[in-house]
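Here the structure is a predicted model, which is why all the values come from computation and not from measurement. Counting starts at 1 for both ligands and their atoms, in listed order.
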Amino acid sequence: MLPKVQTPVKKIEDYREYISRKQYEEIKKKAERLKGLKVNMVNSTPRGGGVAEILKSLVPLMKGIGLKANWYTIPAREDFFKITKEMHNALQGKMYDFPFSARKRYIQHMARTATMMKDMEADVWVVHDPQPAGVIQYLPHFHPSVCRLHIDLSSPNQDVWEFVAGFLEMYDRVVVSSKEFVRPEVEKEAVVFPPAIDPLMSKNQPMDEKYCLEVAKSLGIDIKKPLVTQVSRFDPWKDPLGVVKAYKLAKKEIPNLQLAMAGLFLAQDDPEGLKVYKKVKAEVGNDPDAFLFSDPNVLGGLKVDTFVNALQVASDVVLQKSVKEGFGLTVTEAMWKGKAVIGGKAGGIKMQIKDGENGFVAATPEETAQKIVKLIRNPDMARRIGRRAKESVKKNFLMPRLLNDYLDLFEYLTAHHANNKRSNGSQEVMEMFSPYKK
Ligand code: UDP
C-alpha cells in the first residue's frame with residue numbers, strides 16, 4: 001500500500017455563505033447518489049505546491065459529504081524527482097533531451113510503485129500530474145481512472161509529451177485547467193475545469209490587518225513603506241529574476257519600495273529550488289529593502305499559512321510574474337484577500353485576471369514595473385480592482401465549485417464504466433456531464 005496522508009473531515013454546510021442555494025442543493029443531491037463511493041487520490045507530495053494545497057481541502061470535503069475519499073502519495077526518491085522535475089519543465093516548454101536512462105528510471109519507479117498498489121481498491125482513481133501517472137501501465141484494475149494535470153500544457157516539448165501521452169491515453173478521463181491545455185493526443189479523454197481555493201483554510205480566512213502588519217514587522221519589513229510581494233516556489237517558471245528586475249525598475253520611481261519573495265522549501269518533489277534561490281539572492285545583493293524567505297525555520301512559531309496570509313494582506317501589490325502557469329493558486333489567494341494582483345501573461349493567470357478589471361496582466365518586467373508604480377500611486381484604484389478580484393474568486397474559484405465538478409465527473413464515470421458495480425447508464429448523468437466535455 002502507498003503511504004497515506006491523514007486528513008480530517010470537513011462539512012459542506014460550513015461553506016453555505018460561499019455558495020448559492022442552487023449549487024448547495026446540487027452538491028447534496030449528487031452526494032446522496034454517490035454515497036460511499038471509494039475515491040483514491042494519488043499525488044507525489046503531502047506538502048508544498050498547489051496540488052497538496054487542493055487535496056488538503058478537497059479530500060476532507062469529499063469525506064464530509066459521504067464519499068470514502070483517501071489521499072496517498074507515491075514513494076519519494078530524490079533521483080526520480082529530479083527526472084520528473086525535468087519532465088515537468090519540458091512539458092511546460094523547456095528544451096530537454098530526454099535520455100533513455102531517464103525514461104527507464106521513470107518506468108522502473110512506476111513499476112515499483114504499482115507493486116505497492118496492486119492490492120489497493122477504489123471505485124474511482126484520481127492521479128495528479130505526471131509524477132505518478134505512469135503507474136496505470138501496470139495496473140489492469142485501475143479503472144475508472146482520472147489523470148488530473150495541473151501544468152501549463154500550452155506548448156510542451158513534443159518528445160516528453162509523447163512519452164507521457166502514451167500512458168495518459170490509458171486513463172478514462174484527463175482533466176486540465178484550461179481549454180488551451182487540451183492536446184490532440186488526449187482530446188477524446190479531455191475534461192476542463194479549473195482548481196479552487198478553500199476560503200475556510202487559515203491561509204484564506206480574513207485576518208486582522210493590524211495583526212498582519214505586526215507579522216510583517218516581525219519579519220523585518222518596514223510597514224510604513226510600500227511593499228510588493230510574490231509568494232511562489234523558487235522556480236524559473238515563476239520568473240523570480242523577472243520579479244527582482246521589475247522591483248528594481250519600480251524602485252527608481254518609488255525609492256522606498258520594498259520587495260518580499262516567499263518560496264519556502266516545502267515540496268519534496270522540487271529539487272531545483274535551492275539553485276534558483278541562490279541566483280535570486282545574488283541578484284538582490286544586500287538591498288536592505290528586499291526580503292527573501294526560503295527557510296521554513298526562520299518562521300519560528302509562525303505557521304506557514306499565517307505567514308502567507310499575513311504577507312499577502314500586508315502587501316500593497318501582489319505579483320505572480322509566471323511565464324508558464326497551470327493555474328496559480330497564489331493569484332487566487334491574493335485576489336480573495338482583495339489585493340490588486342499583477343500576473344504574467346500565462347495560461348492559468350489569464351483565466352483569472354481580466355487585465356485592468358480585476359487585476360493586471362503584464363508580459364515583461366518593464367510592464368510589470370509600470371503597473372506596480374501605477375497601483376502604488378493610486379491606492380483607490382488598487383482597492384477598486386481588489387474588490388472586483390474578490391468577487392470574481394467568489395463566483396468562480398472556491399472549493400465547493402471544484403467539489404461539484406468532481407462529483408459530476410464521478411457520476412459520469414461510475415455510470416459509464418462497464419465493470420463498475422454502480423453503473424446505471426443514466427441519461428441524466430450523461431447530459432449533466434456534457435458541458436465539460438470538449
Ligand atoms: N505556498 C506556500 N508557501 C510558500 C510558497 C507557496 O504555502 O512559501 C503555497 C501557496 O500559498 C499556494 C501553493 O503553495 O497555495 C502554490 O500553488 P500554485 O498553484 O500557485 O503554484 P505551484 O507551486 O503549484 O506551481
Side-chain angles (χ1 to χ4, degrees), residues 43-58 81 84-85 88-89 91-92 128-131 148-153 176-178 181 194-199 201-205 207 215 219 229-240 243 260-274 276-277 280 291-299 302-313 315 318-337 339 341 343-344 346-349 351-353 393 397-399 402:
N43 83 319
S44 58
T45 177
R47 74 193 72 84
V51 180
E53 199 67 24
I54 293 164
L55 295 182
K56 231 192 299 180
S57 296
L58 186 62
F81 285 142
T84 53
K85 190 68 205 279
H88 167 96
N89 287 341
L91 289 171
Q92 296 215 129
H128 295 261
D129 277 343
Q131 296 95 324
R148 205 310 173 201
L149 295 174
H150 297 265
I151 48 188
D152 183 333
L153 282 171
V176 291
S177 296
S178 158
F181 305 154
I197 58 161
D198 185 343
M201 211 134 83
S202 64
K203 181 183 282 180
N204 296 319
Q205 283 206 334
M207 205 179 251
V215 171
L219 296 165
T229 295
Q230 173 155 304
V231 176
S232 252
R233 290 180 295 108
F234 285 99
D235 177 303
W237 299 116
K238 312 286 184 186
D239 197 14
V243 169
M261 295 178 77
L264 303 174
F265 298 144
L266 300 166
Q268 65 190 19
D269 62 347
D270 184 12
E272 215 182 356
L274 184 60
V276 178
Y277 170 77
V280 177
F291 303 85
L292 305 186
F293 302 98
S294 64
D295 178 4
N297 295 319
V298 301
L299 301 187
L302 198 62
K303 291 212 171 81
V304 173
D305 278 14
T306 314
F307 163 72
V308 171
N309 194 339
L311 207 51
Q312 287 167 334
V313 173
S315 301
V318 173
L319 302 184
Q320 189 54 58
K321 229 205 108 354
S322 311
V323 285
K324 286 285 170 89
E325 190 62 80
F327 182 68
L329 290 176
T330 50
V331 173
T332 337
E333 288 162 3
M335 288 172 80
W336 178 239
K337 284 155 196 130
K339 292 290 154 182
V341 180
I349 296 179
M351 217 159 56
Q352 300 190 62
I353 301 181
V393 173
F397 302 120
L398 294 184
M399 203 47 78
L402 182 62

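Using a distance-only test at 3.5 Å, with no hydrogens or angles considered, no donor-acceptor pair links the side chain of D129 to the main chain of Q131. In this structure, K339 contributes its side chain and V313 its backbone to a donor-acceptor pair below 3.5 Å. Checked by atom type and distance alone, the side chain of D152 pairs as donor or acceptor with a backbone atom of E325 at under 3.5 Å. A donor-acceptor pair is defined here as one N or O able to donate and one able to accept, closer than 3.5 Å; no such pair exists between the side chain of D305 and the backbone of M201. At least one donor-acceptor pair closer than 3.5 Å links the side chain of Q352 to the backbone N or O of G328. In this structure a side-chain-to-backbone donor-acceptor pair under 3.5 Å is present from K324 to Q92.
One finds the CD atom of Q320 at 9.0 Å from the CD1 atom of I353 (value rounded to the nearest 0.5 Å). Between the OG atom of S44 and the NZ atom of K85 there is a distance of 11.0 Å, given to the nearest 0.5 Å.
In the vicinity of A262, heavy-atom distances shorter than 4.0 Å reach the ligand 1 atoms 5 (C), 8 (O). Numbered from 1 in the order shown, with element, the atoms of ligand 1 that lie under 4.0 Å from a heavy atom of G328 read 19 (O), 20 (O). Atom numbering of ligand 1 starts at 1 in the shown order; those under 4.0 Å from a heavy atom of G263 are 8 (O).
Among protein heavy atoms, the minimum distance from atom 6 (C) of ligand 1 is reached at V231 CG1, 3.8 Å. Protein heavy atom closest to atom 4 (C) of ligand 1, with residue, atom name and distance, is L264 N, 3.8 Å. Among protein heavy atoms, atom 12 (C) of ligand 1 sits closest to E333 OE2, 3.3 Å. Annotation: atom 24 (O) of ligand 1 to nearest protein heavy atom, G50 N, 2.7 Å. Counting protein heavy atoms only, atom 3 (N) of ligand 1 is closest to V308 CG2, 3.8 Å. Residue, atom and distance of the protein heavy atom nearest to atom 23 (O) of ligand 1 are R233 NE, 2.7 Å. Ranking the protein heavy atoms by distance from atom 9 (C) of ligand 1 puts K203 NZ, 3.4 Å first.
With a 4.0 Å heavy-atom cut-off, ligand 1 is reached by the side chain of V304 but not by its N, CA, C or O.
Put simply, the side chain of I54 reaches to within 4.5 Å of the side chain of H150, judged on heavy atoms.
Note on ligand 1: H150 sits outside its first shell, no heavy atom being nearer than 4.0 Å. Contact annotation: K238 has at least one heavy atom less than 4.0 Å from an atom of ligand 1.
Of the polar atoms of E325, none of the N or O atoms is found under 3.5 Å from an N or O of ligand 1, judged by distance alone. Checking only distances, T330 does come within under 3.5 Å of ligand 1, N or O to N or O. Some N or O of L329 is nearer than 3.5 Å to an N or O of ligand 1, by distance alone.
Every residue two or more places apart in sequence or in another chain that forms a ring-ring contact (aromatic ring centres under 6.0 Å, His included) with F293 is listed here: F307.
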